[in-house]
Amino acid sequence: MSEHTHSPASGAPMITIDEHRARILGATQVLPAESVALRDALGLVLADDVENRWPVPLFDNSAMDGYAAHRADAVAGARLRIVADVAAGSPDDPAIGPGEAARIMTGAPMPKDADAVVPLEHTDLGTAIDETPPEVITVTEQPAPSAHIRRAGSDAESGSIAVGAGTELGAWQLSAIAAAGHASVTAHRRPRVSVISTGSELIEPGATPSRGQIPESNSVLLRAALRAAGVDVTLVSTVPDDNAALRTAMVDARAVSDAVVLTGGASVGAFDVVKSVLNGTASIRFDCVAMQPGKPQGFGRIDDTLVFCLPGNPVSVAVSFEMFVRPALRTMAGHADIDRPRVTRTAATGWRTPRGRTQVLPVIFNEQIVQPASHGGSGSHLVSSLADAEGLAIVPADVDQVHEGDAVTVMVLS
Ligand SMILES: Nc1nc2c(c(=O)[nH]1)N[C@H]1C(S)=C(S)[C@@H](COP(=O)(O)OP(=O)(O)OC[C@H]3O[C@@H](n4cnc5c(N)ncnc54)[C@H](O)[C@@H]3O)O[C@H]1N2
Ligand code: MOO
């Protein structure tokens with residue numbers, strides 16, 4: 001941990017990003033596990049191992065449409081009498097004598113008497129196929145031993161782990177679990193999160209602003225970022241700078257949330273309602289974090305609900321979400337890996353950064369180079385620069401100038 005510095009504006013002591021993050025993660029608990037149907041489980045984290053209830057594949061079956069035969073009989077030029085027709089899903093196990101074969105479809109159970117499959121293509125009739133099987137076929141190419149048989153258990157043994165605890169469930173994992181014989185999983189509950197934007201200047205996006213008014217964009221950003229993080233967004237509201245309105249919004253939000261994310265009113269302004277209403281409530285405390293943007297931060301817990309009070313500036317919200325909110329929500333959801341990947345790139349241009357605060361700057365980058373997403377510097381109001389940003393450059397607090405050619409750490413956002 002670095003030494004504490006002092007906020008130039010307020011003179012209040014500043015805490016580091018790591019200290020604020022440690023305080024948040026220290027108050028964050030993994031949500032309980034529950035049974036969830038596979039169709040609702042995308043993105044959840046498995047709480048228990050899922051076992052294969054049976055071997056996968058379940059039974060020996062054909063990998064090809066063709067004829068199940070005795071390989072020794074099925075030499076090139078041999079004529080085989082077709083004595084049965086086995087479709088996928090058929091329970092039949094027809095007897096197959098010498099010189100005989102059964103027509104068989106892909107996925108159908110292998111008759112016990114047969115030891116190879118002659119694909120349609122390796123017969124005189126080729127792939128021209130009727131509903132009723134032919135009486136006789138002529139083999140044009142002898143199959144290799146056990147050809148085109150998918151053996152029971154060749155993918156996974158009965159009782160083996162299909163998907164392990166701690167795995168995030170994507171489409172591929174869910175399909176493996178279904179094949180393993182399960183309709184549901186035991187997974188950590190999806191966090192439920194509410195958003196409250198504060199500010200008397202805010203109007204609905206799309207409405208025409210009067211003097212002093214601006215479109216409300218923070219809740220738009222947060223709703224989308226929360227959904228992308230796999231959480232349930234339970235309530236989104238915008239309240240004016242009014243203590244009573246904020247108290248009511250908090251009661252409503254807490255009733256349906258594991259976490260509430262507020263924006264605005266976190267600083268030292270005359271109408272900073274979030275700070276004046278929430279500072280000192282339960283464990284909520286406001287700090288100056290040595291980060292630019294995103295200096296004023298409030299955090300605490302009211303009963304079981306985490307409360308994040310982010311500063312109002314739009315870039316501060318975006319950065320604070322990535323640095324503090326998203327890691328906490330991923331912890332709640334049961335992820336072991338809570339952080340975005342980081343890469344190192346070369347600065348294509350120089351830029352200034354505030355000494356004493358870690359700069360977290362929206363950037364564009366490619367395989368080699370990185371540069372600021374905005375031409376206008378690193379101001380926390382530069383909401384338009386977010387549209388181009390692909391990542392966040394993390395520049396240490398003791399640097400006040402990035403020079404062209406410097407190595408820069410980039411948090412990758414996609
Ligand atoms: N005297 C001082 N003034 C300020 C300080 C300071 O230390 N001393 N810190 C500055 C910093 S840094 C930040 S960050 C801001 C944070 O202030 P608040 O959290 O109180 O945020 P607001 O004042 O409510 O809003 C800031 C800015 O963002 C716009 N905003 C707010 N909410 C939204 C929204 N939902 N959608 C779009 N834009 C929003 C708001 O209109 C303001 O322009 O304080 C500095 N001041
Ligand atoms: O800390 Mo504020 O978030 O720089 O603009």
Side-chain angles (χ1 to χ4, degrees), residues 5-17 20 194-207 209-226 236-243 245-246 249 260-279 284-299 307-325 352-362 372 374 376-387 392 395 397:
T5 48
H6 284 261
S7 168
S10 61
M14 286 211 275
I15 62 171
T16 64
I17 290 175
H20 189 56
S194 292
V195 174
I196 303 175
S197 287
T198 67
S200 296
E201 72 280 28
L202 305 173
I203 56 168
E204 285 286 306
S210 308
R211 178 177 163 78
Q213 295 183 322
I214 57 164
E216 200 288 305
S217 64
N218 287 345
S219 76
V220 176
L221 180 148
L222 285 171
R223 187 202 291 266
L226 288 164
V236 176
S237 57
T238 299
V239 299
D241 294 320
D242 174 83
N243 288 6
L246 178 60
V260 182
V261 185
L262 300 102
T263 77
S267 186
V268 292
F271 310 103
D272 283 344
V273 286
V274 174
K275 190 170 180 181
S276 70
V277 167
L278 293 179
N279 198 16
I284 297 175
R285 189 180 90 198
F286 282 73
D287 287 300
C288 286
V289 176
M291 179 169 92
Q292 194 276 320
K295 183 182 62 172
Q297 297 282 345
F299 173 77
V307 180
F308 295 88
C309 308
L310 312 184
N313 279 312
V315 183
S316 310
V317 173
V319 164
S320 304
F321 179 83
E322 290 299 331
M323 301 299 280
F324 304 125
V325 182
R352 293 201 58 73
T353 111
R355 186 181 280 279
R357 290 160 79 185
T358 300
Q359 187 186 43
V360 187
L361 179 70
S374 166
S378 66
S380 57
H381 61 293
L382 298 167
V383 60
S384 273
S385 70
L386 291 176
L392 292 169
V395 185

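All ligand and atom numbering here is 1-based and tracks the order in the structure.
For atom 5 (O) of ligand 2, the nearest protein heavy atom (residue, atom name, distance) is Ser380 OG, 2.4 Å. Taking atom 2 (Mo) of ligand 2 as the reference point, the nearest protein heavy-atom neighbour is Gly294 N, 3.6 Å. Summary of contacts: the protein heavy atom closest to atom 4 (O) of ligand 2 is Arg357 NH2, 3.3 Å. Of the protein's heavy atoms, Lys295 N, 2.6 Å lies nearest to atom 1 (O) of ligand 2.
Here's the thing with Ser267: one of its N/O atoms is less than 3.5 angstrom from an N/O atom of ligand 1. Inclusion of Ser316 in the set of residues having an N or O under 3.5 Å from an N or O of ligand 1 is not warranted. For Pro296, no nitrogen or oxygen atom sits less than 3.5 Å from a nitrogen or oxygen atom of ligand 2, counting backbone and side chain alike. Looking at ligand 1, you won't find any N or O of Arg357 less than 3.5 Å from one of its N or O atoms. By the 3.5 Å distance cut-off applied to N or O atoms, Gly294 is not counted among the residues near ligand 1. Distances between N or O atoms of Ala266 and those of ligand 1 include at least one value under 3.5 Å. In terms of polar-atom proximity, Ile214 is not counted as a contact of ligand 1, lacking any N or O under 3.5 Å from an N or O of the ligand.
With values rounded to the nearest 0.5 angstrom, Leu392 atom CG is found 10.5 Å from Gln359 atom CD. Atom NE2 of His20 and atom SG of Cys288 lie 11.0 Å apart (nearest 0.5 Å). For the atom pair Asn279 CG and Cys309 SG, the distance stands at 8.5 Å (nearest 0.5 Å). Rounding to the nearest 0.5 Å places CD1 of Ile284 at 4.5 Å from CG of Leu278.
Contact annotation for Gln297 and ligand 2: no heavy atom of the residue comes within less than 4.0 Å of the ligand. Contact annotation: for Asn218 versus ligand 1, heavy atoms closer than 4.0 Å belong to both the backbone and the side chain. Contacts between Pro296 and ligand 1, counted as non-hydrogen atom pairs separated by less than 4.0 Å, involve the side chain only. Heavy atoms of Thr238 found under 4.0 angstrom from ligand 1: none, in either backbone or side chain. If you look at Val274 next to ligand 1, there are no close heavy atoms at all, none under 4.0 Å. At a 4.0 Å heavy-atom cut-off, ligand 1 touches Glu216 through backbone and side chain alike. Only the side chain of Ser197 comes within 4.0 Å of ligand 1, counting heavy atoms alone; its backbone N, CA, C and O stay farther away.
Counting heavy atoms from C-beta outward, Leu221 and Pro314 have side chains that stay 4.5 Å or more apart. Using a 4.5 Å heavy-atom threshold, the side chains of Gln297 and Met291 count as touching. When side chains are defined from C-beta on, Leu222 does not count as touching Val325, because their heavy atoms never get closer than 4.5 Å. Contact of the Val360 side chain with the Gln292 side chain is not registered, since no non-hydrogen atoms from C-beta on lie closer than 4.5 Å.
A side-chain contact (heavy atoms from CB on, under 4.5 Å) with Pro311 holds for exactly one of Ser320, Pro293, Ser267; it is Ser320. Each of Val261, Val274, Leu262, Asn218 was compared with Ile196 under the side-chain contact (heavy atoms from CB on, under 4.5 Å) criterion, and only Leu262 meets it.
Of all the atoms in ligand 2, the ones that sit under 4.0 Å from a non-hydrogen atom of Ser316 are 2 (Mo), 3 (O), 5 (O). Numbered from 1 in the order shown, with element, the atoms of ligand 1 that lie under 4.0 Å from a heavy atom of Pro311 read 14 (S), 16 (C), 19 (O). Ligand 2 places these atoms under 4.0 Å from at least one heavy atom of Asn313: 5 (O). Close contacts between ligand 1 and Asp272 involve ligand atoms 20 (O) [criterion: under 4.0 Å to a heavy atom].
Remark: Phe308 pairs with Phe299 by the ring-ring contact (aromatic ring centres under 6.0 Å, His included) rule, at least two apart or across chains.
At distances below 3.5 Å, not a single donor-acceptor pair connects side-chain atoms of Asp241 with backbone N or O atoms of Gly265. Thr198 contributes no side-chain N or O that, together with a main-chain N or O of Pro240, makes up a donor-acceptor pair within less than 3.5 Å. Of the possible polar contacts, none joining the Asn313 side chain to the Ser316 backbone as a donor-acceptor pair under 3.5 Å is found.
Assignment of Ser217 to the shell around ligand 1 is supported, since a heavy atom sits closer than 4.0 Å. Contact analysis puts Pro215 in contact with ligand 1, with a non-hydrogen atom separation below 4.0 angstrom.
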* Asked: Which is it for Phe324 and Val289 under the side chain to side chain contact (heavy atoms under 4.5 Å, CB included) test, yes or no, and what are the steps along the way?
  -> CA-CA 11 Å; Phe324 304 125; Val289 176; 4.1 Å; yes

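Compare Gly298, Pro293, Gly264, Gly312 by their heavy atoms: the one nearest to atom 31 (C) of ligand 1 is in Gly312.
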